[in-house]
Amino acid sequence: MQREGQPPLTPQASRLTNLFGLDREQLRERFAEMGEKPYRADQVMQWIYRRTRNSFDEMSNISKDLRTRMAQHFEIRTPELVTEQVSQDGTRKWVLRLDGGNAIETVYIPEEGRATLCISSQVGCAMDCAFCSTAQQGLNRNMTTAEIIAQVWFAARTLGGDFQNERVISNIVFMGMGEPLANYNAVLPAIRILLDDFGFGLSKRRVTVSTSGLVPFMDRLREDVDTALAVSLHAPNDALRNELVPINRKYPLAELMAACRRYTVEKDRKAHIVYEYVMLDGINDQPEHARELVKLLGGLPAKVNLIPFNPFPQTQYRRSKPEAIAAFAKILRDRKIIATTRKTRGDDIDAACGQLVGKVQSRQKNRLRGIAIVGD
Ligand code: SAH
């Protein structure tokens, strides 16, 4: 397994380090290099993340001298808003500019008792899933840790809350544009900042990484950090999954399910994985598929989240009928598998699952079929 798996293009390096890109350990190291005590890093992180500040001048427990020196090394660069759309159901979608021509999308989904922020991890995506509009674009580049984290900060600031008193965001899901585990080196520090008490301070059950099934990186994630995992299954057998989720040709179901077992039963008996299953009319939504799915999940601790397909221009797929979804769910529940149906949110502003496109500069055919992917 190869550790460095970054796509070729990375953003232009600025002279200053964007603090959104450093987890606590990295920031402490930088302060040590400046001859400062490690706890200074903790203080700075609290200003940025717990109190949603972005100006060194506001950091009143830091000496003026250190603030001046910090400004010589660091910046707190927030993303530029391109557009904001608000759905009838309260869902908000922000298009955020990253650099010259690239923009990504971040979606805020308020619900009764909780509010989820759906964040992007790549500009475009190389996984080429047949039913996802982000896939149509191919991959332009990985996002940096700073760009990933800046989405969360931006959302909290825009919503007028923080992560200290007025928690406007309770859950984070890596379900925006991109395959998070294909950008592991940037995503891991981002997860650490989300979970850190001096960062956003979210509990491990409230941060969910969603993957199309990059087996080696599922194993690394399990070793490196404690976070919730969702697996985009979408089909109960290899023939169908090869078509819908082409990464399956590289990591077929037997390998994927073995990795899921390692992530749950072998790591933590209480953990479970949420299996995402997009409901495509006449393709994967028949009773026999549900029965096959029951067998596939075997005795694994599992929840299945059925996602009614969200259409986008030029797609050949249709959303399953509500009766088909209900019948599918019943077969799972009869076999004691928890099955929920994801409520479609924000589809009037193209903010629903699989509808995020951002602005991906070069539409090279950087897709799974065309390029070598991480782990090759
Ligand atoms: N790359 C990650 C995160 C992507 S999106 C992954 O594959 O898990 C989050 C979920 O939305 C995934 O389960 C994805 O398969 C699903 N999805 C993609 N396109 C969709 C569509 N058009 N309708 C409904 N769900 C979709």
Side-chain angles (χ1 to χ4, degrees), residues 91 93 104-107 109 116-139 142-143 148 151 171-184 186-187 190-191 207-215 217-218 221 227-235 240-241 243-248 250-251 256 259-260 263 273-281 283-285 303-320 325 340-347 350-358 367-368 373-374:
T91 300
K93 181 171 86 171
I104 51 89
E105 302 189 347
T106 307
V107 180
I109 310 151
T116 303
L117 191 72
C118 177
I119 61 175
S120 295
S121 58
Q122 295 184 305
V123 182
C125 188
M127 295 296 113
D128 211 12
C129 298
F131 49 84
C132 179
S133 64
T134 309
Q136 312 285 309
Q137 308 183 302
L139 176 69
N142 276 333
M143 288 169 67
I148 295 169
Q151 299 171 80
N171 295 61
I172 305 278
V173 294
F174 283 83
M175 294 186 188
M177 294 167 64
E179 165 53 51
L181 296 188
N183 183 16
Y184 191 77
V187 165
I191 297 170
V207 175
T208 302
V209 174
S210 179
T211 182
S212 53
L214 266 61
V215 166
F217 289 94
M218 290 167 65
L221 188 71
T227 180
L229 185 64
V231 170
S232 291
L233 204 53
H234 306 315
L240 189 52
R241 196 163 190 272
E243 286 311 308
L244 297 177
V245 186
I247 189 73
N248 194 71
K250 188 168 174 69
Y251 304 114
L256 177 61
C260 292
Y263 199 93
I273 287 176
V274 172
Y275 295 90
E276 297 162 279
Y277 196 102
V278 66
M279 295 300 281
L280 303 168
D281 184 30
I283 304 283
N284 65 352
D285 65 347
K303 274 191 192 172
V304 175
N305 191 210
L306 303 173
I307 315 175
F309 170 66
N310 295 307
F312 51 88
Q314 268 134 42
T315 179
Q316 51 172 345
Y317 296 111
R318 288 180 316 265
R319 179 180 291 184
S320 301
I325 299 178
T340 52
T341 303
R342 188 176 293 178
K343 204 162 162 246
T344 301
R345 296 291 304 265
D347 51 345
D350 286 344
C353 307
Q355 294 186 320
L356 304 186
V357 290
R367 298 196 197 157
L368 195 57
I373 57 152
V374 276

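Predicted model, so just to flag it, every value in this text is computed and none were measured. Hydrogens, waters and symmetry mates are skipped; everything else that's a heavy atom, side chains included, is used. Numbering of ligands and ligand atoms starts at 1, following listing order.
- Near G178, with a cut-off below 4.0 Å to any heavy atom, the atoms of ligand 1 are 1 (N), 2 (C), 3 (C).
- Proximity annotation for atom 4 (C) of ligand 1: of G176, S212, C353, G176 comes nearest, heavy atoms only.
- The nearest non-hydrogen atom to atom 15 (O) of ligand 1, considering only E276, M177, H234, comes from H234.
- Ranking protein heavy atoms by distance to atom 5 (S) of ligand 1, first place goes to M175 O, 3.4 Å.
- Across all their heavy atoms, V245 and L233 have their closest contact at CG2-O, 4.1 Å.
- C118 does not count as a contact of ligand 1, since none of its heavy atoms falls under 4.0 Å from the ligand.
- With S232 contributing its side chain and S212 its backbone, the two residues share no donor-acceptor pair below 3.5 Å.
- In terms of protein heavy atoms, atom 20 (C) of ligand 1 is closest to G354 CA, 3.3 Å.
- Contact annotation: the side chain of Q122 never approaches that of T134 to less than 4.5 Å [non-hydrogen atoms, C-beta and beyond].
- Listed by atom number, the atoms of ligand 1 under 4.0 Å from N310 heavy atoms are 21 (C), 22 (N), 23 (N), 24 (C).
- Proximity to C132 (heavy-atom distance under 4.0 Å) selects the following atoms of ligand 1: 18 (C), 19 (N).
- Interface of F174 with ligand 1, defined as ligand atoms under 4.0 Å from a residue heavy atom, comprises 3 (C).
- Heavy atoms of T134 found under 4.0 angstrom from ligand 1: none, in either backbone or side chain.
- The distance from ligand 1 to the heavy atoms of S232 drops below 4.0 Å at these ligand atoms: 6 (C), 7 (O), 8 (O), 12 (C), 13 (O), 15 (O).
- The protein non-hydrogen atom at the shortest distance from atom 2 (C) of ligand 1 is S210 O, 3.3 Å.
- Ligand-side atoms of ligand 1 in range of V278: 23 (N), 24 (C), 25 (N), range being under 4.0 angstrom from any heavy atom.
- By the 4.0 Å heavy-atom criterion, Y317 is excluded from the residues contacting ligand 1.
- When all heavy atoms of A235 and Y277 are compared, the closest pair comes out as N-CE1, 3.6 Å.
- Of all the heavy atoms of I307, the ones lying under 4.0 Å from any atom of ligand 1 belong exclusively to the side chain.
- Scanning the protein for heavy atoms near atom 17 (N) of ligand 1, the closest one is F131 CE1, 3.9 Å.
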